[in-house]
Protein chains: 2
Amino acid sequence: MPTESDQPRGERALVADIRRLLRTPAPGGPPPGDDLAAICPDGPEDLLWSADLLMDGVDFDSRIHDWAGIGAKALKVNLSDCAACGTRPVSCLLSLSLCNDLDYESATRLVQGLVEVAGRYDCPLMGGDTNSWDQPTAINVTVAARPVPGTRPVLRRGARPGDLVCLSGPVGGSLLGRHLTFEPRVALGLDLARLPATAMIDVSDGVAIDLWHLCDESGCGAVIDPDAIDRLVHPDAHRRAAGTGWPARDHALYDGEDFELIATVDPATPPTRLAELGLQVFGRMTATGGVVIGHGAAVQPVPRRGWEHFT
Amino acid sequence: MPTESDQPRGERALVADIRRLLRTPAPGGPPPGDDLAAICPDGPEDLLWSADLLMDGVDFDSRIHDWAGIGAKALKVNLSDCAACGTRPVSCLLSLSLCNDLDYESATRLVQGLVEVAGRYDCPLMGGDTNSWDQPTAINVTVAARPVPGTRPVLRRGARPGDLVCLSGPVGGSLLGRHLTFEPRVALGLDLARLPATAMIDVSDGVAIDLWHLCDESGCGAVIDPDAIDRLVHPDAHRRAAGTGWPARDHALYDGEDFELIATVDPATPPTRLAELGLQVFGRMTATGGVVIGHGAAVQPVPRRGWEHFT
């Protein structure tokens, strides 16, 4: 769980290099680096996909986390990518490199945890690759998804100046447990594709940095309302703040793995509709200026800071 | 690179458990455990997919192998799965957990090696997930593929007693270098889907064990012609044999990662057609009896033995 700013410079450069090497799909498809990518670069199928590789000691800690929850998380982080594009999961693949020290019962719990989630989200496990080695366990899940009829994938790049910036729930302090127990916002994502939201991203790295990503792709800035974000501070962020001594709001902005959705919507969207969807407005898109927080002349820049390691 | 017989009992049981948990796709789709799986369990799309997770010290050794070749292998093993089903690759995803010790240039070579292969096989890289950790590098590639018009995927389960068993090239000793430098038999796989071959598998674990897999799925046995397999012993198998003291034929039967195709074809297939395709007959499917080698009454069982570690 490195923060973006903590990433080795080489890794950041590599990610940028890889993005330049990605095939740009047909018009309307997700651009390189969005939450999902096209499977068929030239269409006509509307299937999308994504993969996430989780590593023991980085994305989970097998000394303290239950293997069923770890297996569940490996799929749920991918389902959150489906939600972030407003798409319905279709199926998944599981690749395992299991630590040789891992006993059969724990490995079984990992798989069962994943399959339980797969069943609830109608995202059946179709196949995979099982290996073992003398190193810590690594788990890759690939998920396929598609928009429901009458909708299009909601991308990071569609936000416009003046759009309202919304969150689907309170944030911060997920490391106290919610990074494992969260439920991906798949149904809400589909509702937001029907609205439609103009742009969307899930909070994996943190509200601040993920809003930066959305702004970068949309060519906009955003101003966060400090009072609104304070109403979205999760109780876990307050608990974390008691330990770290940081403001709880900082945990809300800079902790990661909340897996809530940040959605931008047309400012004419009726507030009652937003309330029905459980969305809370916490900012507004601007033409320029990056991500800032504050009122009027008292705005302050919001750094591109991501989330922290367990350790 | 564990042999199947060397796999921890827990891992073998887990693989069997996982297979039971996989969704069975619509009729005609690949059953659980074939080289590719369906993406859409209920159709109508004909897209298939597969994932392989390669690990430093197991599937490659970064102390001796070039990173460009390692990146290329990570995609080629998946393209070989496409070939084994007689399908054309569509696109791929790359997930990386890079060792923190890995320098930027090496990581770049890894990605460039993969992208070079992706270009040659028209299997563009669409996205992925880049991470780093303090452990050895792990690389997951997911590939999507589909049959070409007028063909169906060739599965492991279609062989019938009396079918000829063919190999696409000489085998054994791939660890001397061909496990990295091989070219997946994608074009040949498509030709075999057009023939059509009755069943197919690529030689990843070894001729003996992969033929066992094909027999298991087809509900058949197979008898190997010892003279024919001796003509298919790769020069590398002889070189290996000089070092190990084993018969070169054993290296041909039990070494893995040749990535040639084993195809079964109707016995009425003209020998000239097989010759045009570069296929060499080395056995015949039987109604029962597992995999054996020999003539007449002198047949001997072929053990379910797979391939060895580097070390």
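Residue numbers begin at 1 in each chain, while the letters A, B, ... track the order of the sequences. Values below: every heavy atom of this structure, side chains too, minus hydrogens, waters and symmetry copies.
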Pairwise distance [atom1]([X]) to [atom2]([Y]) - rounded to 0.5 angstrom:
X: B:S95; Y: A:L54; atom1: OG; atom2: CG; answer: 10.0 Å
X: B:E45; Y: A:D46; atom1: CD; atom2: CG; answer: 7.0 Å
X: A:S106; Y: B:L14; atom1: OG; atom2: CG; answer: 11.0 Å
X: B:W49; Y: A:L93; atom1: CH2; atom2: CG; answer: 4.5 Å

At a heavy-atom separation under 4.5 Å, does [X] approach chain B through its side chain, its backbone, both, or neither?
X: A:R19; result: neither
X: A:D52; result: both
X: A:D103; result: neither
X: A:V141; result: neither
X: A:S50; result: backbone
X: A:D35; result: neither
X: A:L36; result: neither
X: A:L114; result: neither

Determine the option with the most heavy-atom pairs under 4.5 angstrom with chain B, choosing from [options].
options: A:A144, A:S91, A:G127, A:C92; answer: A:S91
options: A:I39, A:L21, A:V115; answer: A:I39
options: A:Q135, A:R146, A:M55; answer: A:M55

Can you list the steps and then say if B:L125 with A:R23 is a side chain to side chain contact (heavy atoms under 4.5 Å, CB included)? CA-CA 6 Å; B:L125 180 62; A:R23 171 77 63 94; over 6 Å; no

Minimal non-hydrogen separation, A:Y104 against B:A13, with atom names: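 Looks like CE1-CB, 3.6 Å.
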
Smallest heavy-atom separation, B:D129 atom then A:L53 atom, equals OD2-N, 2.8 Å

Proximity breakdown for B:L102 and chain A, heavy-atom pairs closer than 4.5 Å: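 Neither the backbone nor the side chain of B:L102 comes within 4.5 Å of chain A.
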
Going through the checks in order, is the side chain to side chain contact (heavy atoms under 4.5 Å, CB included) test met by A:V111 and B:D17? CA-CA 9 Å; A:V111 175; B:D17 287 350; over 6 Å; no

Does the side chain of B:P41 reach to within under 4.5 Å of the side chain of A:V90, using non-hydrogen atoms?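 The answer is yes, as the side chains (C-beta and beyond) meet within the 4.5 Å cut-off.
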
Let's test your reading of the structure: which of B:A138, B:P32, B:G128, B:A38 forms the most heavy-atom pairs below 4.5 Å with chain A?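 Max contact count across the listed options: B:A38.
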
Out of B:L47, B:D134, B:L94, return the one with the most heavy atom pairs under 4.5 angstrom to chain A.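 Looking at each option in turn, the highest pair count goes to B:L47.
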
Would you indicate whether B:R152, at its atom CZ, is surrounded by more than 12 heavy atoms from other residues, nucleotides or ligands within a distance under 6.0 Å? no

List the steps and the verdict of side chain to side chain contact (heavy atoms under 4.5 Å, CB included) for B:V58 and A:N131. CA-CA 9 Å; B:V58 180; A:N131 313 275; over 6 Å; no

Looking at A:N140, is its backbone amide N or carbonyl O close enough to the side chain of B:N140 to form a donor-acceptor pair, meaning the two atoms are under 3.5 Å apart? no

